[in-house]
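Here is the structure we will look at.
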Amino acid sequence: MHKLFSIFGNPVSHSRSPLMHNSVFKNLHYNACYTRTLLKDGNKLKETFFSLGLSGANVTVPHKESAYAACDEVRGFAKKIGVVNTLINENGKLIGYNTDADGFMYAISEFKNIKEILVFGAGGTAKALVQKFLDEGLHVTVLNRSKARLSYFEKLNCKCYTWENFQPDTYDLLVNTTSAGLKDDNLPAPKEIIKTALQNTRYVADAIYGRTTPFLQLAMEKGLTCKDGADMLLGQGVLANELFCNFELDKEAITKEMQKSFFY
Ligand code: NDP
């Protein structure tokens, strides 16, 4: 039976997920197709998912928390963080997973001796990455534009700051999880803060892919070892594809086909 998958987001036109998953389906002869769906109202996610007849989906900005709320059952790491990026239709029930955090750990596997991390942003992606970092015994500081979302991270005993009260420290890794630079030329924090942080770190990663954000540009100019979001995208995509195909395909083959799609 032909299966249909999609990605939900707003904006969603930038997403490379359709190319990645279709590359796997086509070249590994899996009878499925992956499309994209612009979803404006996160509350309509569940009804849209079922009205499209989807077997599964990915969820991107800004609907990952709505996706958690929409699920009939949430499994694994997603349950811990309340953020879902992968949905599976299991006999008419909506099952939620999160593959972002493991995707990011895959992306930074070549970064060595990471202990102190400064995370820019406090949204869904930050929740996933921060929880994973804490699970790995790392120390995390969260810096966000506004206060409201920080209370979640305060409860996790992270050091939390807004731009107004930020106290810089020494870090091993800076991570941008904000959407600043996704569709604009904004930095994830005021330039003075970014400059100070860049002077006090060894590695820099950005969750945004497909373009060099002004943040990553500054980091590269300083000669720091940098990663954009492409490998995170690949990592989360491979894990999502395994769920979509019910682990019927070989993981290495999935990775290879997805990697190829980056050059389409
Ligand atoms: P959310 O909407 O949940 O959170 C957005 C965060 O960004 C909030 O903390 C918000 O701050 C902050 N923010 C937004 N605009 C600005 C700005 N101009 N300046 C500073 N801070 C800003 O988004 P997600 O966590 O779902 O996604 C964030 C980014 O990560 C997106 O760009 C997405 O594309 C990328 N991503 C990439 C992945 C990959 O595989 N490479 C996977 C997942 C996400 P406030 O609280 O003040 O509003």
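Whatever order the structure lists ligands and atoms in, that order sets their numbers, starting from 1.
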**Q.** Closest protein heavy atom (residue, atom, distance) for atom 6 (C) of ligand 1
**A.** Thr178 CA, 4.0 Å
Q: Starting from atom 32 (O) of ligand 1, locate the nearest protein heavy atom and write down its residue, its atom name and how far away it is, to 0.1 Å.
A: Ile208 CG1, 3.4 Å
Q) Would Val12 end up clustered with Met20 when hydrophobic side chains under 4.5 Å apart are linked, directly or stepwise? A) yes
Q: Could you list which atoms of ligand 1 come closer than 4.0 Å to a heavy atom of Leu187?
A: 19 (N)
(Q) Do Val142 and Leu174 sit in one hydrophobic cluster, given that two such residues count as connected whenever their side-chain heavy atoms are within less than 4.5 Å of each other, even indirectly? (A) no
(Q) Is there a side-chain contact between Pro188 and Trp163 in this structure, where contact means two heavy atoms from C-beta onward sitting under 4.5 Å apart? (A) no
Q) So among Asn186, Asp184, Asp228, Asp206, which one has a side-chain hydrogen bond (donor to acceptor under 3.5 Å, both in side chains) with Thr213? A) Asp206
(Q) Around atom CD of Glu252, are there more than 12 heavy atoms from other residues, nucleotides or ligands closer than 6.0 Å? (A) no
**Q.** Any N or O of Asp100 closer than 3.5 Å to N or O of ligand 1
**A.** no
Q. Measuring from Asp102:CG to Gln236:CD, what's the distance to the nearest 0.5 Å?
A. 11.0 Å
Q. Considering only heavy atoms from C-beta outward, does the side chain of Phe111 approach that of Arg202 to under 4.5 Å?
A. no
**Q.** N/O separation below 3.5 Å, Val61 to ligand 1
**A.** no
Q) Between Leu233 and ligand 1, does any nitrogen or oxygen pair lie at a separation below 3.5 Å? A) yes
**Q.** Contact atoms of ligand 1, heavy-atom distance to Gly121 under 4.0 Å
**A.** 9 (O)
Q: For Lys195 and Glu192, run salt bridge (Lys or Arg N to Asp or Glu O under 4.0 Å): C-alpha distance rounded to whole Å, both residues' side-chain angles, the deciding distance at 0.1 Å, then the answer.
A: CA-CA 5 Å; Lys195 280 192 159 169; Glu192 298 69 48; over 6 Å; no
Q: With the side chain counted from C-beta on, respond yes when Thr125 and Lys64 share a heavy-atom pair under 4.5 Å apart, and no when they do not.
A: yes
Q. Any idea which of Asp206, Asn144, Asn58 brings a heavy atom closest to atom 46 (O) of ligand 1?
A. Asn144
Q: Please check if the distance between the ring centroids of His21 and Phe244 is under 6.0 Å.
A: yes
Q. Which of the numbered atoms in ligand 1 are below 4.0 angstrom from a heavy atom of Ala180?
A. 17 (C), 18 (N), 19 (N)
**Q.** Ala207 N/O under 3.5 Å from ligand 1 N/O
**A.** yes
**Q.** Protein residue, atom and distance nearest to atom 4 (O) of ligand 1, heavy-atom basis
**A.** Gly123 CA, 3.4 Å
Q | Distance-only N or O hit between ligand 1 and Arg149, under 3.5 Å | A | yes
Q: Have a look at Ser179, Pro188, Gly181, Pro11 and point out the one with the heavy atom closest to atom 20 (C) of ligand 1.
A: Pro188
Q.
With heavy-atom distances below 4.0 Å as the criterion, list the atoms of ligand 1 near Lys64.
A. 42 (C), 43 (C), 44 (C)
Q: For ligand 1, indicate whether the residue Thr125 contacts it via side chain, backbone, both or neither (heavy-atom separation under 4.0 Å).
A: both
Q | Protein heavy-atom partner closest to atom 28 (C) of ligand 1 - residue, atom, separation in Å | A | Thr177 O, 3.0 Å
**Q.** Six-ring centre of Tyr152, Lys127 cation under 6.0 angstrom, axis tolerance 45°
**A.** yes
Q) For atom 34 (O) of ligand 1, what's the nearest protein heavy atom and its distance? A) Leu182 CD1, 4.0 Å
Q: Determine, using ring centers only, whether Phe215 and Phe120 are less than 6.0 Å apart.
A: yes
(Q) Within the 4.0 Å heavy-atom shell around Tyr209, which atoms of ligand 1 are there? (A) 41 (N)
Q.
Can you confirm, on distance only, whether ligand 1 has an N/O atom lying under 3.5 Å from any N/O atom belonging to Gln236?
A. no
Q: Check the surroundings of atom NZ in Lys79: do more than 12 heavy atoms from other residues, nucleotides or ligands lie under 6.0 Å from it?
A: no
**Q.** Identity of the nearest option to atom 22 (C) of ligand 1, non-hydrogen atoms only, from His63, Lys147, Arg145, Glu65
**A.** Arg145
Q. Relative to the heavy atoms of Ala122, which atoms of ligand 1 are at a distance of less than 4.0 Å?
A. 9 (O)
Q: Could you tell me whether Lys227 sits above the aromatic face of Tyr203, with NZ or CZ closer than 6.0 angstrom to the six-membered ring centre and within 45 degrees of the axis?
A: no
(Q) Could you identify the single nearest non-hydrogen protein atom to atom 47 (O) of ligand 1 and state the distance to 0.1 Å? (A) Ser146 OG, 2.5 Å
Q | Where ligand 1 meets Trp163 - atom numbers and elements under 4.0 angstrom, heavy-atom basis | A | 20 (C)
Q: Looking only at protein heavy atoms, identify the closest one to atom 3 (O) of ligand 1 and say how far it is in Å.
A: Gly124 N, 2.9 Å
